[in-house]
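Below is one structure, written out as structure tokens; comments come after it.
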Amino acid sequence: GNSVTQMEGPVTLSEEAFLTINCTYTATGYPSLFWYVQYPGEGLQLLLKATKADDKGSNKGFEATYRKETTSFHLEKGSVQVSDSAVYFCARAVGGSYIPTFGRGTSLIVHP
Amino acid sequence: DVKVTQSSRYLVKRTGEKVFLECVQDMDHENMFWYRQDPGLGLRLIYFSYDVKMKEKGDIPEGYSVSREKKERFSLILESASTNQTSMYLCASGEREGLDTQYFGPGTRLTVL
């Protein structure tokens, strides 16, 4: 089936620590892959995306690489800030379908 | 700048009331979506619409209906609100083919007493 699996949170880090949030997906067709971020009290907004294998999406210091061989799209950031505290959602979308599939979200808490 | 707006940020209703949640997008998108978000469950799709007057059930349509009379507006209706419909409701819109980005509104936190 179509699914996206994210690591469970919360992930708690100190400021300037390295971040990885794992995401794997089922490989049906040739999906596009997304990371969305939801800051407290807000809706989701696109953080980055990649549309084909080996593409790297990047934004605001975050990166994720579309790995077809491992069906993964892990989110990374070299040095997190308190302002990165939010919930992060991995998602996939397949051509011909109107409906993206979202992971359950991973909460990130960054302490000063 | 693209925008999806929702009629209320916070709403408190009583059991049995009819509730309308409105969503408007200004990007001329064909697709619009209603999700509910609950702790530990992520986003669950209630209904979506791929054109005016067209609608499709999502994963959890029971207890909800929708209306799309104009391209820019997608309404979610709770015919008779119940306490288990207390949740965060998120509206989103997107391009026709679904591969492109979804744009979300700020959400409506609905409490049913």
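Chain letters run A, B, ... following the sequence lines, proteins first, then strands; residues in each count from 1.
With a 4.5 Å cut-off on non-hydrogen atoms, B/Q37 touches chain A through its side chain but not through its backbone. For B/R109, no part sits under 4.5 Å from any heavy atom of chain A, backbone or side chain.
From B/Y103, atom OH reaches atom CG of A/L44 across 13.5 Å, with rounding to the nearest 0.5 Å. To the nearest 0.5 angstrom, A/F102 atom CZ is 14.5 Å from B/R44 atom CZ. Note: B/T101 OG1 to A/L47 CG = 11.0 Å, rounded to the nearest 0.5 Å.
One hydrophobic cluster holds both A/F89 and B/F104 under the rule that ILVMFWY side chains link at heavy-atom gaps under 4.5 Å. Both A/L48 and A/M7 are assigned to one and the same hydrophobic cluster, defined by single-linkage of ILVMFWY side chains at heavy-atom distances under 4.5 Å. Residues A/V80 and A/Y88 are members of one and the same hydrophobic cluster, defined by side-chain heavy-atom contacts under 4.5 angstrom among Ile, Leu, Val, Met, Phe, Trp and Tyr. In this structure, B/V66 is not a member of the same hydrophobic cluster as B/V24, with clusters built from ILVMFWY side-chain heavy atoms closer than 4.5 Å. In this structure, B/V112 is a member of the same hydrophobic cluster as B/L21, with clusters built from ILVMFWY side-chain heavy atoms closer than 4.5 Å.
Residues B/F33 and A/P100 approach most closely at CE2-CD, 4.3 Å, considering heavy atoms.
In this structure, A/F34 and B/Q102 have side chains that are not in contact, with every pair of non-hydrogen atoms separated by 4.5 Å or more. A 4.5 Å side-chain heavy-atom check between A/Q38 and B/L43 finds every atom pair outside the cut-off.
Atom CD of A/E8 is surrounded by 12 or fewer heavy atoms from other residues, nucleotides or ligands within 6.0 Å.
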